[in-house]
Number of protein chains: 2
Amino acid sequence: MKKHTHGNNTTLLENHKLRITPVRQQVLGLFMGKPHALSHSDIEQTLVGDFDRVTIYRTLTSFVDKGLVHKIPAENGVVRYALCKDTCSEEAHHHSHVHFNCGACGQTFCLENISVPTITLPQGYTFTDMNYLATGTCKNCNKAQH
Amino acid sequence: MKKHTHGNNTTLLENHKLRITPVRQQVLGLFMGKPHALSHSDIEQTLVGDFDRVTIYRTLTSFVDKGLVHKIPAENGVVRYALCKDTCSEEAHHHSHVHFNCGACGQTFCLENISVPTITLPQGYTFTDMNYLATGTCKNCNKAQH
DNA sequence: AACTAATTTGCAACATTGTTGCAAATAGAC
DNA sequence: GTCTATTTGCAACAATGTTGCAAATTAGTT
C-alpha cells in the first residue's frame with residue numbers, strides 16, 4: 001500500500017510545530033481521508049500496525065493543543081475530533097460552524113458553509129467559545145430512506 | 001431533618017409517570033435546589049444515605065426518558081443533567097436554550113431567557129434537536145475578579 | 001391489611017474511556 | 001554520528017458507564 005498522502009501530512013504537521021512521527025502521520029491521514037469526525041476508538045480500530053491506546057490519546061491531545069483538530073462532544077458523551085479548517089492555532093480555536101450528528105448513521109460532520117447567527121449573552125457573562133450541535137438525519141441517510 | 005420539598009417532588013414525579021421512591025425524591029430535590037446542572041458524581045457525593053452508583057445512573061436515565069431532565073455534555077466530555085422547563089415529555093425534548101459552561105467555577109447553567117436564532121441547515125438535512133453550548137466566564141466569576 | 005404484579009434497587013462483575021509515571025526509543029538539530 | 005528534547009510503550013490506575021439477576025419496594029386490587 002502506498003502512502004500517497006505522505007507529503008501533505010508532513011507539511012501540515014510541520015506547520016503546526018509537531019514532530020513527524022508514524023502515529024501522527026497516520027492519524028492525520030485518517031482525518032484527511034474521512035469527511036466526518038472520528039472518536040478515539042474509531043482511530044484505534046482503523047490504524048494499521050498497533051499503536052498504544054495512550055499514544056493515540058496523546059496524539060489527539062497534541063493535535064488539539066496545536067490547533068490541528070478540534071473536539072466535538074456528542075449528546076451521549078462520546079468525544080470526537082475533526083480537522084480544523086484554517087484559522088485555528090496554538091493560541092485559540094475558532095469554530096463558528098455547526099456540528100451535525102446523524103442519528104441514523106451515527107456520524108458527525110462539520111457544516112462549514114452555513115451561516116451561524118450571533119448569540120447575545122446576558123449582562124455579566126463573557127464567552128470565549130461557542131458550540132453548535134444539531135442532531136437529526138444527514139443528507140445521505142435521508143436519501144437512502146426516500 | 002424535615003422533608004420540606006416532599007410534596008412538590010412527589011407531584012412532579014407522578015406527573016411524569018415515575019414511581020415515587022426515596023432516590024428519585026432526593027435526586028429531584030437536588031435539581032430543584034441548585035441553579036446549575038449536575039453530573040452523576042455531583043449527585044453521588046451530595047446524596048444523603050448511600051445509594052448505589054448504578055441506581056443513580058438508572059434514576060438519571062429514567063428522568064431523561066420521561067422528560068424531567070435533559071443531558072448536557074460539556075466540551076471535555078463530562079455529562080451533566082439539568083431540569084427541563086416545561087415543554088418536555090416522554091415523546092421529545094425541546095431545548096432551544098443556551099447552555100453556558102463557566103471555565104472559572106466549572107458550573108453549567110441553562111440560559112433560558114436569551115433569544116436563540118434559528119439555524120438553517122443545508123439541503124437534504126433534517127434536524128430534531130439543536131444544542132448550543134457557550135464556554136466562558138459566568139456572571140458571578142466575572143464579578144469576583146472585577 | 002393482606003395479596004399480587006410490575007417496577008426498582010443493590011450487588012457483583014464487567015466494559016469503556018481517560019490519566020499518570022517512568023524507562024526506552026526516536027526525531028531533529030548540530 | 002552525537003546530543004538533547006520529545007515521543008512512545010508499558011504498566012498501573014481512576015473514572016465513567018453498562019448488564020444480569022435476586023431481593024426489596026411500589027402501587028394497585030381485594
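Numbers restart at 1 for each chain; the letters A, B, ... are given by sequence-line order, proteins then strands. These figures come from a predicted structure and were not determined experimentally.
Between the C1' atom of D:dA15 and the CD atom of B:Gln45 lies a distance of 12 Å, rounded to the nearest Å. Atom C1' of nucleotide C:dC11 and atom CZ of B:Phe51 are separated by 16 Å, given to the nearest angstrom. Atom pair B:Arg24:CZ and C:dT7:P shows a separation of 11 Å (rounding to whole Å applied). A straight line from NZ of A:Lys17 to P of D:dA5 spans 18 Å, rounded to a whole angstrom. Distance CG (B:Asp52) to P (D:dA24): 15 Å, rounded to an integer number of Å. Distance CG (A:Leu60) to P (D:dT7): 14 Å, rounded to an integer number of Å. Nucleotide D:dT18 holds its C1' atom 15 Å from the CD1 atom of B:Ile56, rounded to whole Å. Atom-to-atom, CG of B:Leu13 to P of C:dT8 comes out at 11 Å; the value is rounded to the nearest Å.
Within the 4.5 Å cutoff, side-chain heavy atoms of B:Leu83 are placed close to those of B:Leu68. Within the 4.5 Å cutoff, no side-chain heavy atoms of A:Tyr81 are placed close to those of A:Leu38. Under the 4.5 Å side-chain criterion, counting only non-hydrogen atoms from C-beta, A:His70 is in contact with A:His99.
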Derivation and outcome, side-chain hydrogen bond (donor to acceptor under 3.5 Å, both in side chains), residues B:Asp42 and B:Ser39 = CA-CA 5 Å; B:Asp42 290 338; B:Ser39 67; 3.1 Å; yes

inquiry  = Checking B:Phe100 against A:Phe127 for the ring pair (Phe, Tyr, Trp, His ring centres under 6.0 Å) test, could you report, in this order, the C-alpha distance in whole Å, the side-chain angles of both residues, the deciding distance, and whether it holds?
reply    = CA-CA 9 Å; B:Phe100 187 90; A:Phe127 77 104; 7.6 Å; no

Full working for side-chain hydrogen bond (donor to acceptor under 3.5 Å, both in side chains) between B:Arg80 and B:Thr108 = CA-CA 8 Å; B:Arg80 276 178 253 258; B:Thr108 300; 3.0 Å; yes

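Interatomic distance, B:Lys139 NZ to B:Lys143 NZ, rounded to the nearest 0.5 Å: 6.5 Å. Between atom SG of residue A:Cys138 and atom CG of residue A:Asn101 there is a gap of 9.5 Å, rounded to the nearest 0.5 Å.
From one end of the helix from C:dA1-D:dT30 to C:dC30-D:dG1 to the other, with five pairs defining each end axis, the axis direction shifts by 30° (rounded to 10°).
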I'd like a list of close polar pairs between nucleotides 16-18 of chain C and the protein, N/O only, cut-off under 3.5 Å.
{"from": "C:dG18", "atom 1": "OP2", "to": "A:Tyr57", "atom 2": "OH", "distance (Å)": "3.0"}
{"from": "C:dG18", "atom 1": "N7", "to": "A:Arg53", "atom 2": "NH2", "distance (Å)": "2.8"}
{"from": "C:dG18", "atom 1": "O6", "to": "A:Arg53", "atom 2": "NH2", "distance (Å)": "2.8"}

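Across every non-hydrogen atom of A:Phe63 and A:Arg24, the tightest pair is CZ-O, 3.7 Å. The minimum heavy-atom distance between B:Ala82 and B:Ala37, with the atom names listed, is CB-CB, 4.0 Å.
In the model, B:Thr126 has a side-chain atom that pairs as donor or acceptor with a side-chain atom of A:Asn142 under 3.5 Å.
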request  = Scan nucleotides 20-30 of chain C nucleotide by nucleotide, 5' to 3', and note B when protein non-hydrogen atoms come under 4.0 Å of the base, S if they reach only the sugar-phosphate, - if neither.
outcome  = BB-----BS--

